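Here the structure is laid out as structure tokens; the discussion comes afterwards.
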Amino acid sequence: MKILIVGGGMGGTILANNLARRLSHEMKTKKVRLTMLSASDRHMYQPGLLYVALGRASTDELYRDQASLLEPGIEFHVDPVEEFDLDKNRVKTKSGRSFDYDLIAIATGSRAVPEEIPGLAEHSINVYTEEAALKFWKTINAFRGGRIVISAGVPHKCPMIPPELTFTLYDFFRDRGLADKVSIHYTYPIGRLHSLEPVGKWMQGEFDQRGITSETLFNMKEVDGEKKVIRSIEGAETPFDLLVAVPGHKGMEVIEKNNLGKGGWIPVNRNRLNIEGRENAFALGDTTNLPISKAGSTAHFEAEALAENLAAIVKIGSPVRDYDGKVFCFIEAGKDKATYAMFNYTTPPDPKPPTKSIHWFKMAYNQLYWASARGLL
Ligand SMILES: Cc1cc2nc3c(=O)[nH]c(=O)nc-3n(C[C@H](O)[C@H](O)[C@H](O)COP(=O)(O)OP(=O)(O)OC[C@H]3O[C@@H](n4cnc5c(N)ncnc54)[C@H](O)[C@@H]3O)c2cc1C
């Protein structure tokens, strides 16, 4: 039996390693062949970009060699998929090779698209690529005062980035002695401060303590770089000296081009993660259309459930468990305090007051991630 995993990021890697351990006997005896196709020979720990942007980590700390993270026996090719033929159980890659499969899992991730809002890419900073995070650091390092507007679009990767940027920037400028020269204003597209209602309520209390102002129902429409204002679809306009964007995201172009899902979001069953109308094709991580957080922990918990099910399909012919929507996200609430949000499809999060120990737990997790990617945590 041939199992193909497309994408070697968080979801694809955890899935591949977990599956390789569950199917080690079948792989040794050549009953199962497990192949991963990815677009890069390097694996980036994307949450580390936040610390690069704040000048607290260097970019080389974010990467490991992808092959070194994979269990022995997994065939790995750096050869991105260009064509998906789910009817014929076959993909075609950039190098022109064809790979057929019995089971496929797609985990190609998502990308920020600031260029879709006129003026946004040119006149704002963000943390979503290595280049952007470095520009972010240079910009805040040189900023000497004025009005900072933090503006979020939807959907976006990592639901906690808008509050994290707000609280860490607040502390950053306070530590530099610029507290009275910097004001922070936050905008969010829906009628509260965060997509998760309890997180939004918790944020309001933290904003009030710090004098951070906010505006909701603000969907970015355009940025006028000359006048230094950002306008919303709803007709509001807010001035800025420094614009910090959390741009809206899309799935990868290859997904949309192959008609696998509008905007690059693949429709899947929320419990089994099979692509709608298909029994042998699955998607996980950011690229699904599920209305849950586009987060590494989502990809991680989905990968665990999916690995168990794919192994069960090989061994007994049917899946055995459901993914329950579990997500766990740390929330950096400043330079040295954090809280967390844990939730699933039925139970909302209940963020507690931030503590230093949760912040240090997050710092430790940033290192432990590499064990997690190997499927050891
Ligand atoms: C600044 C920042 C902070 C974040 N903080 C957190 C956090 O604190 N907690 C949290 O849980 N999450 C966080 N995230 C989100 C998290 O990193 C992503 O949700 C997670 O990486 C998604 O995993 P994935 O496997 O779906 O996609 P990715 O990890 O992005 O992997 C996608 C993979 O697909 C490959 N690929 C792309 N196209 C193709 C193709 N055509 N063929 C083959 N392979 C392809 C890529 O090379 C890559 O290996 C953060 C993200 C950012 C950017």
Side-chain angles (χ1 to χ4, degrees), residues 4-16 35-54 57 62-64 66 69-70 76-84 91-95 97 99 104-112 126-130 132-133 136 155-165 168 246-247 249 251-258 260 264-266 273 283-288 290 292-303 306 326-332 338 340-342 361-363 365-366 369 372-373:
L4 185 62
I5 296 174
V6 181
M10 284 200 184
T13 303
I14 296 170
L15 173 64
T35 306
M36 171 181 280
L37 299 174
S38 194
S40 173
D41 61 349
R42 293 200 302 168
H43 186 115
M44 183 201 258
Y45 176 59
Q46 297 174 37
L49 287 167
L50 174 67
Y51 304 91
V52 170
L54 296 168
L62 305 181
Y63 293 100
R64 294 285 187 280
Q66 173 65 14
L69 297 175
L70 296 175
F76 174 57
H77 304 276
V78 181
D79 197 2
V81 171
E82 291 196 335
E83 288 169 30
F84 290 87
V91 303
K92 212 168 172 194
T93 64
K94 192 174 177 193
S95 74
R97 289 179 72 182
F99 289 81
I104 187 171
I106 305 174
T108 43
S110 64
R111 66 205 158 98
N126 75 75
V127 295
Y128 281 100
T129 62
E130 180 180 329
F136 190 108
H156 59 79
K157 197 157 28 182
C158 188
M160 302 314 170
I161 281 287
E164 288 189 320
L165 287 174
T168 52
V246 180
H249 276 60
M252 303 313 272
E253 269 172 301
V254 68
I255 300 299
E256 195 151 27
K257 266 193 202 150
N258 281 272
L260 292 184
W265 311 123
I266 306 176
L273 304 173
L284 71 157
D286 288 356
T287 195
T288 75
L290 295 176
I292 52 172
S293 301
K294 305 229 168 273
S297 77
T298 310
H300 183 139
F301 294 123
E302 287 175 344
L306 189 55
K326 184 175 173 188
V327 181
F328 177 100
C329 287
F330 287 103
I331 314 174
E332 291 282 27
Y340 65 89
M342 188 160 72
F361 189 25
K362 166 81 199 232
M363 290 294 103
Y365 182 77
N366 288 345
Y369 169 70
S372 168

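Note that this is a predicted model, so its numbers are computed, not measured. Order of listing sets the numbers, starting from 1, for every ligand and every atom in it.
Shortest contact from atom 48 (C) of ligand 1 to any protein heavy atom: Gly9 N, 3.8 Å. Here the heavy atom of the protein found nearest to atom 39 (C) of ligand 1 is Thr108 CG2, 3.6 Å. Among protein heavy atoms, atom 46 (C) of ligand 1 sits closest to Ser38 OG, 4.0 Å. For atom 29 (O) of ligand 1, the nearest protein heavy atom (residue, atom name, distance) is Met10 N, 3.1 Å. The protein non-hydrogen atom at the shortest distance from atom 26 (O) of ligand 1 is Asp286 N, 2.8 Å. Protein heavy atom at the shortest distance from atom 51 (C) of ligand 1 is Gln46 CB, 3.8 Å. Looking only at heavy atoms of the protein, atom 41 (N) of ligand 1 is closest to Val81 O, 3.0 Å. For atom 8 (O) of ligand 1, the closest non-hydrogen atom of the protein is Lys362 NZ, 3.0 Å.
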Open item on the list: Please determine whether side chain to side chain donor-acceptor pair (under 3.5 Å) holds for the pair Gln66 and Thr13, giving the CA-CA distance in whole Å, both sets of side-chain angles, and the decisive distance to 0.1 Å.
Closed with: CA-CA 9 Å; Gln66 173 65 14; Thr13 303; 3.1 Å; yes
Task: Worked verdict on Leu290 versus Leu273 for side-chain contact (heavy atoms from CB on, under 4.5 Å) - done: CA-CA 9 Å; Leu290 295 176; Leu273 304 173; 3.9 Å; yes
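For the ring pair (Phe, Tyr, Trp, His ring centres under 6.0 Å) test with Tyr340, the passing option among Phe361, Tyr365, Phe328, Phe330 is Phe328; the others fail.
Put simply, the side chain of Thr287 gets close to the backbone of Gly264: a donor and an acceptor are under 3.5 Å apart. Looking at Asp79, its side chain never comes within 3.5 Å of a backbone N or O of Thr93 through a donor-acceptor pair. With His156 contributing its side chain and Ala112 its backbone, the two residues share no donor-acceptor pair below 3.5 Å. Formation of a donor-acceptor pair under 3.5 Å by the Glu332 side chain with backbone atoms of Glu164 is not found in this model. Under the 3.5 Å distance criterion, the side-chain polar atoms of Arg97 are left unmatched by any main-chain donor or acceptor of Lys92. Judged purely by atom type and a 3.5 angstrom limit, Tyr51 has no side-chain atom pairing as donor or acceptor with the backbone of Met363. Under a 3.5 Å cut-off, the side chain of His249 and the backbone N or O of Pro247 do form a donor-acceptor pair.
Between Trp265 and Ile255, the closest heavy-atom pair is N-CG2, 4.5 Å. When all heavy atoms of Ala295 and Asp286 are compared, the closest pair comes out as N-OD1, 3.7 Å. The minimum heavy-atom distance linking Leu284 with Ala105 is given by the pair CD2-CB, 4.2 Å.
Heavy atoms of Met160 come nearer than 4.0 angstrom to ligand 1 in no pair at all. For Phe330, the heavy-atom gap to ligand 1 stays at 4.0 angstrom or more.
Residue Cys329 has no nitrogen or oxygen atom sitting less than 3.5 Å from a nitrogen or oxygen atom of ligand 1, judged on distance alone. Between Gly11 and ligand 1, an N or O atom pair is found at a separation short of 3.5 Å. Residue Lys157 places no N or O, backbone or side chain, under 3.5 Å from any N or O of ligand 1.
Counting only non-hydrogen atoms, the option in Tyr45, Tyr128, Phe84 that gets closest to atom 53 (C) of ligand 1 is Tyr128. If you check each of Ala299, Gly296, Ala303 against atom 10 (C) of ligand 1, the one with the closest non-hydrogen atom is Gly296. The closest heavy-atom contact to atom 1 (C) of ligand 1, among the options Val127, Ile255, Ile14, Asn366, comes from Val127.
Those atoms of ligand 1 that come under 4.0 Å of a heavy atom in Val254, given as number and element, are 41 (N). Contact atoms of ligand 1 toward Gly285: 26 (O) (distance under 4.0 Å to a heavy atom of the residue). Listed by number with element, the atoms of ligand 1 under 4.0 Å from a non-hydrogen atom of Ala107 are 32 (C), 33 (C), 34 (O). Taking a cut-off of under 4.0 Å to the non-hydrogen atoms of Val6, the atoms of ligand 1 that pass are 42 (N), 43 (C). Of all atoms in ligand 1, numbered sequentially from 1 with element shown, those under 4.0 Å from a heavy atom of Ile161 are 1 (C), 3 (C). Those atoms of ligand 1 with a heavy atom of Gly8 less than 4.0 angstrom away are 33 (C), 34 (O), 49 (O). Shown in contact with Pro80 at under 4.0 Å from a heavy atom are these atoms of ligand 1, numbered in order with element: 40 (C), 41 (N), 42 (N), 43 (C).
The distance between the ring centers of Tyr369 and His300 does not fall below 6.0 angstrom.
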